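A short write-up of the structure that comes next.
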Amino acid sequence: MADIVDLSPLVSYSTVRFVDFRTFVSSWCGVNLNVLCSKDQNIPSLLSESLRQCGSLLSGYYGSISGCLSALEDDCRTTVWTYQKDVEDGALDSFQPDDQLKKKKKISFIRRRKDVYKALGPGSAAESATVLAFGSLFTAPYKGSESHIDIHEAPNDPIIQTLIEKIEFLPFVPEIINAGKKFALQTIKGPFLCAQLRLLDGQFKNHHKATFLGLKQKIEFLKQTGQKRIHVFVMTDLPMANWTGSYLGSIAKDSDAFKLFVIREEDDLVQETAKEVMDAGHGLKHGSVSQSSAGINKRHHPQSLSDVLLYIEEVVCSCASLGFVGTAGSTIAESIELMRKHDVCFG
């Protein structure tokens with residue numbers, strides 16, 4: 001994430017140290033990633049197998065390793081991490097799956113609040129470990145899950161409070177922000193509305209009508225204010241070939257009233273931005289362990305940035321001067337709202 005999120009505001013804190021995960025894995029596993037990821041067909045498969053085995057141990061997939069690695073199985077389904085709050089350690093969290101959801105999904109777990117200091121600090125089983133492996137981040141059973149951390153009411157320590165405020169919002173790296181601004185200014189060229197419509201995955205795929213309702217209401221409002229031809233930037237996981245029969249299809253047909261804009265993964269803007277981000281190698285700049293000492297050359301190390309389109313789209317939406325309509329419950333919508341609050345586009 002450090003390749004696409006700007007961590008520079010946190011670098012000056014002595015309480016925070018960074019190490020890029022690629023660098024860490026390379027150093028920990030004793031594998032030169034430049035060699036492993038090269039196009040040389042003669043690279044022995046044993047090197048790849050060594051990295052796979054090391055990664056399995058590092059992830060905590062096989063449990064804790066005495067004095068070395070402590071594997072945690074807590075994830076967002078079962079745990080909300082707190083930090084020295086006036087809450088009983090192990091108390092039930094206020095959010096629990098309702099009875100209907102429990103029956104439908106056969107859910108048996110409950111979620112508790114857990115003090116991170118007591119669980120991982122002095123005197124804990126994890127204290128002597130060099131590495132903590134959070135199951136919700138790296139191990140297969142919890143792939144795609146996330147940790148819930150509630151530290152907004154941490155002790156009255158000015159350094160900690162300032163650090164928490166910084167962490168609450170970290171912008172994208174300049175290459176991504178500049179790409180989003182460029183599309184808004186040079187392609188859309190004028191006031192526009194952004195519609196973030198998440199329609200195909202999870203709970204969202206069964207709520208198309210509710211998702212489109214907010215967009216309909218916003219468009220009707222803009223019409224009443226005298227907007228003639230409304231420019232709309234559409235950010236959605238629904239392929240254009242499937243717009244027919246939906247509200248998106250109907251407004252796409254009405255070219256007199258609307259002008260729609262989208263960005264595609266194959267667009268030059270996306271491809272060029274991905275290359276710029278890879279060349280910049282931001283994640284390898286802030287590390288407490290240098291990439292050279294771990295055998296990593298950022299210029300030659302391949303990197304997956306398949307989501308760069310999503311990040312550019314978020315920036316474009318932060319520039320929407322006619323407003324933003326997001327999908328209720330979507331973390332992407334929350335991210336865009338936060339960017340708009342912090343004036344990412346106009347700052």
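From a predicted model like this one, the values you see are computed outputs, not experimental measurements.
- When T236, L238, T331 are each tested for a side chain to side chain contact (heavy atoms under 4.5 Å, CB included) with R198, only one passes: T331.
- In this structure, the side chain of S318 engages the main chain of V315 through a donor-acceptor pair within 3.5 Å.
- Relative to the ring axis of F169, K341 does not place its NZ or CZ within 45° and under 6.0 Å from the centre.
- Closest non-hydrogen pair, L199 versus T211, comes out as CD2-CG2, 3.7 Å.
- In summary, the side chains of S335 and E314 do present a donor paired with an acceptor at a separation below 3.5 Å, with no hydrogens or angles considered.
- Rounding to the nearest 0.5 Å places CE of M278 at 14.0 Å from CD1 of I4.
- Note: H208 and F212 have perpendicular aromatic rings, judged against thresholds of 30 and 60 degrees for the angle between ring planes.
- Remark: C54 engages C29 in a disulfide (SG to SG under 2.5 Å) (not counting sequence neighbours).
- If you look at Y311 and F172, their ring centroids are closer than 6.0 Å.
- Within a 6.0 Å sphere centred on NZ of K182, other residues, nucleotides and ligands contribute 12 heavy atoms or fewer.
- Using modelled atom types, one side-chain atom of S64 and one backbone atom of A71 make a donor-acceptor pair closer than 3.5 Å.
- Listed by chain and residue number, nothing satisfies the side-chain hydrogen bond (donor to acceptor under 3.5 Å, both in side chains) test with S246 (two or more places apart in sequence, or in another chain).
- Scanning all heavy atoms of the two residues, the minimum distance from M235 to L310 falls at CE-CD1, 3.3 Å.
- Applying the side-chain hydrogen bond (donor to acceptor under 3.5 Å, both in side chains) criterion to Q53, with sequence neighbours excluded, gives E49.
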